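This report refers to the structure that appears directly beneath it.
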Amino acid sequence: MRMSKLVGRRIKEDPKDSKTISHKYLIRGGYVRPVSAGIYSILPLGKLIIDKIEQIIREEMASIEGQEVLLPVVLPADLWKESGRYESVGAELLRFEDRNGKAMLLGMTHEEAVVHLVRSEVSSYKQLPVMLYQLQTKYRDEARPRGGLIRAREFTMKDAYSFHTSQECLEEYYMDAHAAYERIFKRVGMNNVVSIEADSGMMGGKISHEFMAISEFGEDTIFISPDGSYRANREVATSSIKFEKSEELPLNKVHTPGHKTIEEVASFLNKQPENTGKAVFYVDGEQNLIFAMIRGDFEVNESKLQKIAIAYELNFADDDAIRKAGCEPGYASPLNIDPEKVKIIVDRSVAESSNLIVGANEADYHYENFNFDRDMPEGVTVADIATVRAGDPCPLTGEPLLMERGIEVGNIFQLGTKYSEAMNCAYLDENGKSQIMIMGCYGIGVGRSMASVIEQSYDNWGPIWPITIAPYHVQLCALNRNKEGVAEAADKLYEEFLAEKVEVLYDDRGEKAGFTFNDADLIGIPFRVIMSPKTLAESKVELKRRGERDALMVDLDQVVPELQKLIAEEFNKYE
RNA sequence: CGGAGCGUAGCUCAGUCUGGUUUAGAGCGCUGCGUUCGGGACGCAGAGGUCGGAGGUUCGAAUCCUCUCGCUCCGACCA
């Protein structure tokens, strides 16, 4: 490709308001352009990278016997009503009507569509297991897109769905898919991706893993043990923290005028936050009040609480709702509370500690020496609803947990029969008996992966693309092309590259050296060949790697074979 | 969906508070000519704008008021 014709200009200044490295460089390098909030056009350089990522994914899906399909983007609402998700998924599902007034939607994930296909095409155990996947545009009407391609509304996703006759078969395949994912991220050039235990959210099912590209701009918080054996999303992470009981002291009501927060009460009574119990009120989707009780030095983990409370939705309760249940905001207490009116869930940090300071359910009063076993009314649930903190002991090793940020680039789920049962996706077994299929699903964000590679591979001048997904392998720069036969020699070398099928981007614009090099850095191609009157006088060219300052002088007639060798070596690093 | 900010040339922005020397500007980018030529050169000449949109106030609105649309950031949410 000749750069004089390449669409997608490089931009000298950072786009305003962009925070993440990948967002800046994807815009500045001419890879993508914003069209609307969270909606992007992919330009030629970006498309080449995307295609290469997709090709790697296709090869690895083939290695686990995936069959590529293409399901519709626009789906009838009826299909999603079958699974129940038309109602259960929120506003991020874009719903609309067609000209006949029929309810339609834009697919944000394709369990329903693939089940629709499989239930009519697959009817025998002999056809199972089977996996179908696609690379397709998804649309999610995100409340707040951010970070360029890291959270877009329209994006390309590889989504795969497997169907099995048994849980064992699913689990075995799940491990194969997990291994394929590790190969994909390695080959794509993300050098720091970890798979972690995750919450399955709206997808349903029990076991799921997220593949996290470690990055300071990641939206998720994850906890990892120092030896790497334990890795979990904050939403589900647990710790083996121990609580100590001491001799129970008598309950004592104290006057605490105006002191509502944990910090205020603790310092007023000369105690630490860990000597207090904190009450947090939530309402679920049906406006039922939930009273969560946790030790003052912990935060409630809403993902855990949501699961334990079996609530579709959780919001902080307002003061009116709290008063209606007979509680005093700021001084709420597990004592004197009616378990009939409120669902009480107590974290084990409270149940296993002694002599805590808790509210008295009366303005300006607290109790000292609350002891769960002695003082708590009947009918409460004790569970782990705490958010793990950096340094808390790992549940496996007991070592202090490390906290990292990560970008979720992939996600795999053991779905079970959630969709196949609701949508009657069945097959006949050996005995001619109808059985429900067991499903798994496996996603990768393609554009997000491209952005994540930049987050892990860049310098002050631009991205440094791994050879496996670089838009081209070689950039040929001709300096002073109007002098001493440079243009002719560079054109000739370019033709040689093309003839030898070397992927080359040819800067034939005749710009000044600085301009040329800065553009080349923003394009981030792994190898750079520089030709100028100086090098041509010796029948040589300069050969440089992106990100390195030192150049190698190579004879003009040796450039092509030398580069072919270097490119092959470079590819080997990613196998 | 809450909070904050911003919409003026392709991009980054000044001008808005205090309406009138502004005939709407600068830098970068773009076109032409010339000089330069190894890490974003320079001169000259150009093209490019309904100042996000609608309504209002006024002799006069990019500037003041009302409504509206869009974008960004923080939070909530998020397979």
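Worth saying up front: this structure is predicted, and the values here are computed from it rather than measured. So that the names make sense, note that chain A is the first sequence line, chain B the second, and so on, each numbered from 1.
The separation of B:rG7 from B:rU16, taken at their C1' atoms, amounts to 13 Å, rounded to a whole angstrom. To the nearest whole angstrom, the two C1' atoms, one in B:rU63 and one in B:rC42, are 37 Å apart. Comparing the C1' positions of B:rG34 and B:rG53 gives a spacing of 45 Å, expressed to the nearest Å. B:rU66 sits 38 Å from B:rG29 when the C1' atoms are compared, rounded to a whole Å. Here, B:rU8 and B:rU36 have their P atoms 40 Å apart, quoted to the whole Å. Spacing of P atoms, B:rA61 relative to B:rC69, comes out at 26 Å, to the nearest Å. Using C1' as the reference atom, B:rC28 and B:rA41 are 14 Å apart when rounded to the nearest Å. Nucleotides B:rC33 and B:rC74 place their P atoms 47 Å apart, quoted to the nearest Å.
Contacts of A:K534 classified as salt bridge (Lys or Arg N to Asp or Glu O under 4.0 Å), with partners at least two apart in sequence or in another chain: none. Applying the salt bridge (Lys or Arg N to Asp or Glu O under 4.0 Å) criterion to A:D555, with sequence neighbours excluded, gives A:K540. Residues satisfying the ring pair (Phe, Tyr, Trp, His ring centres under 6.0 Å) criterion with A:Y282, sequence neighbours excluded, are A:F316. Residues that satisfy the side-chain hydrogen bond (donor to acceptor under 3.5 Å, both in side chains) test with A:N301, not counting sequence neighbours, are absent from this structure. For A:E182, there are no salt bridge (Lys or Arg N to Asp or Glu O under 4.0 Å) partners two or more places apart in sequence or in a different chain. Qualifying salt bridge (Lys or Arg N to Asp or Glu O under 4.0 Å) partners for A:R389, counting only residues two or more places apart in sequence or in other chains: A:D297, A:D392.
The CG-P distance, from A:L43 to B:rC11, rounds to 14 Å in whole Å. Rounding to whole angstrom units, CD1 of residue A:I150 and P of B:rC73 are separated by 11 Å. Whole-Å rounding puts the A:K24 NZ to B:rC11 P distance at 19 Å. Here the P atom of nucleotide B:rC78 and the CZ atom of A:F155 are 15 Å apart, to the nearest Å. In this entry the distance linking CD of A:E142 with P of B:rA76 reads 14 Å, nearest Å. Straight-line distance from the CE atom of A:M108 to the P atom of B:rC78: 11 Å, rounded to whole Å. Separating the CD atom of A:E219 from the P atom of B:rC77 is a distance of 13 Å, rounded to the nearest angstrom. Counting to the nearest Å, the C1' atom of B:rC77 and the CG atom of A:L93 are 15 Å from each other.
Within the structure, salt bridge (charged side-chain N to carboxylate O under 4.0 Å, His left out) pairs that include any residue of residues 479-488 of chain A comprise A:R481-A:D491 (at least two apart or interchain). For residues 26-46 of chain A, the pairs satisfying salt bridge (charged side-chain N to carboxylate O under 4.0 Å, His left out) are A:D14-A:R28, with sequence neighbours left out. For residues 507-545 of chain A, no residue pair satisfies the ring pair (Phe, Tyr, Trp, His ring centres under 6.0 Å) rule, not counting sequence neighbours.
Summarising the base pairing, B:rC44 is matched to B:rG32 through a Watson-Crick or G-U wobble pair whose two defining distances lie under 3.5 Å. Under the Watson-Crick or G-U wobble criterion, with both distances below 3.5 Å, B:rA26 is paired with B:rU12. Summarising the base pairing, B:rC17 is matched to no nucleotide, lacking a Watson-Crick or G-U wobble pair whose two defining distances lie under 3.5 Å. In a base pair of the Watson-Crick type (N1 to N3 plus N6-O4 or O6-N4) or a G-U wobble (N1-O2 and O6-N3), with each distance short of 3.5 Å, B:rG5 is matched with B:rC71.
Of the two residues contacting RNA chain B, namely A:P34 and A:E302, the nearest-nucleotide position lying further toward the 5' end is that of A:P34.
Taking the six-membered ring wherever Trp is involved, the centroid distance between the rings of A:H209 and A:F413 does not fall below 6.0 Å.
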Give me the distances for all protein-to-nucleotides 68-71 of chain B N/O pairs that come in under 3.5 Å?
| unit_1 | atom_1 | unit_2 | atom_2 | d |
| --- | --- | --- | --- | --- |
| B:rC71 | OP1 | A:S36 | OG | 2.6 |
| B:rC71 | OP1 | A:A37 | N | 2.9 |

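When heavy atoms are screened at a 4.0 angstrom cut-off, A:Y442 is found touching no nucleic acid atom at all.
Nearest heavy-atom pair, A:S162 versus A:L170, reported as atom, atom and distance to 0.1 Å: OG-CD1, 4.1 Å. Here the closest heavy-atom approach between residue A:R95 and residue A:G90 is recorded as NH2-O, 2.7 Å. Shortest non-hydrogen contact noted between A:C425 and A:F163 is SG-CE2, 4.2 Å.
The side chain of A:R144 contributes an N or O atom lying less than 4.0 Å from OP1 or OP2 of B:rC74.
Near-neighbour residues of RNA chain B inside residues 445-458 of chain A, defined by a heavy atom below 4.0 Å, are absent.
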Nucleotide-resolved protein contact map, nucleotides 27-43 of chain B, B/S/- at heavy-atom distance under 4.0 Å: B-S-------BBBBB--

